[in-house]
Amino acid sequence: MGLFDDDFYSTKISRQSKNTSEDPSERKTKWRTSRRKKSLSTFQISAISSVCSALIAVMLFSFLTGHPATSSPMTLVNGSHQLSTSDGDPYERIISAAQKVRPAVVSVLTHKETVFPEEEGLEGEGLEEESAVPPEQEGDFELPEGFDFGEDFDFGNDFGGSQEDALGSGVIFKKLEGKAFVITNNHVVEGADSLEVVLVGGEKRKATLVGTDNVSDIAVLSIDSKGIGEVAEFGDSSKLRLGETVIAIGNPLGLGDTLTSGIVSYTNRIIPVSLNQDGIYDWEQEVIQTDAAINEGNSGGALVDLNGKVIGINTMKIADTGVEGLGFAIPVNEITEVVTELMLKGHIARPYLGVYTVDLSNPYAPLSKKEKENLKLPKTVTEGVVVLDALGPALDAGMQLNDVIIKLDGKPITTTLELRKHLYRNTKVGSDLNVTFYRDGKLQSLKVKLEEKPGE
């Protein structure tokens, strides 16, 4: 008999005669060959394929959606914080991240004193007391038709405020020596006579301006830290990915503690900025673009990732007709050093050349043909910056009206923006700057000893 019932069978040779005629060594070889050729059954192949397909599908779902692939709860450890997530609710990570950071996001109220000029030639007799709000501005605020705040909504004693009050947002990021420090935007607090911060629970506290910076649009405030618990934690904005879910928290239109969510539309958008608010773009700002709803009052608030870390400070949105979902936040990696210096010095020490300039090839404010002729430039020179006024270091070094700067430290300069970027990023206060320029058609150069930019 063979070893198995399904051993090879032939009608010409009996199983017994076949076994007795075979050499033992040959039988051994045939047995090994038979074992090597044995294949998986159709059922086994189908089962293995099904398991592999299921595993691949689960991994793809987890990769594309960013949600955990396991059905059991998962804990994300973040310092002393633990964020629980679950497949039961796909938005659980948003909820957990919001719970972690929202107590550190505050409303910022700025107050400006209204001063009315005295009328000349009047003794004041018979004059009626005027309202602080011009009559034409009274009652401008209108609610949408059918809007209902609800029975339990409390407007509070200060609802509405005066026309000189402004609203913004801020983020508590540090506690030190009895003070809590709040980061916000410079344009939120600019020109304010007094400041207040409203905590997430509704408590108002007087705030002191620690420092502000117009270039980065960042300001730091301080308040009494009594009763303030956790502060916001900064993340790493350089690790953001396109499509990553983010949360915007702030005080839009005075509706404090408002949360909206969206995605990162672009990680490092470069947008032009007019620092002097004169319509001429003289700086560039790197920002995070998001479609999370950002409205008036959100400025200075937090843009948060799903780990509950602040990765941006909300700063602006494009509000043109027909434009939606274009909000911008300053990446925290871009402002860390600025915030530190503001806390230490109250201002940012930047190098100062001392020239007011206009671009030679500015398409928005082009020079007239006569003005270009007065510069006496060679026909090959079509780009550079024209000096309109020389002050401080530039004046001391001998620069004059109508000098056309074309290089700084040997680097070509074609616009005021490039001049400013070179000063702020490549030079230091007290260093010598080599300026190459044309004067009356002749190429010249001189050295300017840079000073610290005076306060504006």
Side-chain angles (χ1 to χ4, degrees), residues 91-110 141-144 146-156 158-161 165-173 182-185 187-189 195-205 207 221 223 228-233 235 244-265 287-319 323-330 332:
Y91 298 105
E92 184 65 29
R93 291 190 68 188
I94 295 180
I95 297 171
S96 299
Q99 288 176 342
K100 174 184 175 182
V101 75
R102 60 179 287 270
V105 179
V106 299
S107 300
V108 177
L109 308 181
T110 63
F141 181 81
E142 295 183 0
L143 293 174
F147 186 88
D148 184 11
F149 281 104
E151 296 180 352
D152 298 326
F153 187 87
D154 182 11
F155 284 87
D158 298 322
F159 180 82
D165 291 346
L167 300 171
S169 305
V171 182
I172 303 174
F173 68 96
V182 179
I183 185 172
T184 185
N185 286 137
H187 73 261
V188 170
V189 301
L195 299 165
E196 284 184 302
V197 163
V198 183
L199 303 181
V200 68
E203 180 187 353
K204 282 187 179 181
R205 296 192 182 184
L221 315 178
I223 59 175
I228 294 177
E230 295 294 324
V231 299
E233 181 181 359
E244 185 172 337
T245 300
V246 289
I247 312 166
I249 309 178
N251 178 36
L253 303 177
L255 302 175
D257 197 24
T258 294
L259 283 73
T260 59
S261 66
I263 63 169
V264 174
S265 306
V287 291
I288 302 166
Q289 181 181 328
T290 178
D291 68 346
I294 294 177
N295 295 287
E296 184 178 353
N298 268 119
S299 291
L303 190 69
V304 184
D305 64 16
L306 291 185
N307 291 324
K309 294 184 179 182
V310 177
I311 43 84
I313 300 299
N314 300 323
T315 185
M316 70 183 80
K317 67 171 291 186
I318 297 178
V323 177
E324 296 181 0
L326 289 179
F328 303 97
I330 305 171
V332 293

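The structure presented is a predicted model; accordingly, all values stated were derived computationally and were not measured.
Residues satisfying the side-chain contact (heavy atoms from CB on, under 4.5 Å) test with N314, not counting sequence neighbours, are A248, I294, L303, A329. Under the salt bridge (Lys or Arg N to Asp or Glu O under 4.0 Å) criterion, E203 pairs with R205, not counting sequence neighbours. By the side-chain contact (heavy atoms from CB on, under 4.5 Å) test, Q289 is found to be paired with S265, Y266, R269, L326, F328, residues two or more places apart in sequence or in another chain being considered. S169 is linked by a side-chain contact (heavy atoms from CB on, under 4.5 Å) to N251, counting only residues two or more places apart in sequence or in another chain. Taking V189 as the reference, V108, T110, T184, L195, L209, A219, L221 meet the side-chain contact (heavy atoms from CB on, under 4.5 Å) condition, with sequence neighbours excluded.
To the nearest 0.5 Å, atoms CD1 (I223) and CD (E196) are separated by 11.5 Å. Within the model, atoms OG1 of T315 and CD1 of I288 stand 11.5 Å from one another, a figure rounded to the nearest 0.5 Å.
N185 places no side-chain N or O within 3.5 Å of a backbone atom of H187 that could act as its donor or acceptor partner.
Closest approach of F173 and V231 over heavy atoms only: O-CG2, 3.7 Å. Across all their heavy atoms, P252 and N298 have their closest contact at CB-OD1, 3.4 Å. Contact between A232 and V101 at its shortest, heavy atoms only, is CB-CG2, 4.1 Å.
Looking at L109 and L167, their side chains come closer than 4.5 Å, going by heavy atoms from C-beta outward. Counting heavy atoms from C-beta outward, K309 and V332 have side chains that stay 4.5 Å or more apart.
When the options D291, V304, I311, I94 are evaluated for a side-chain contact (heavy atoms from CB on, under 4.5 Å) with V246, the one that passes is I311.
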Subject >> From CA spacing to verdict: salt bridge (charged side-chain N to carboxylate O under 4.0 Å, His left out), K100, E233 >> reply: CA-CA 10 Å; K100 174 184 175 182; E233 181 181 359; 3.4 Å; yes
**OP:** Let me see the working for I172 and L199 under side-chain contact (heavy atoms from CB on, under 4.5 Å), right down to the final yes or no.
**Re:** CA-CA 10 Å; I172 303 174; L199 303 181; 4.3 Å; yes
Residues 255-262 side chain polar contacts: donor-acceptor under 3.5 Å, at least two apart:
from : atom 1 : to   : atom 2 : distance (Å)
D257 : OD1    : R102 : NE     : 3.3
D257 : OD2    : R102 : NE     : 3.3
D257 : OD2    : R102 : NH2    : 2.3
T258 : OG1    : L255 : O      : 2.5
T260 : OG1    : A293 : O      : 2.9

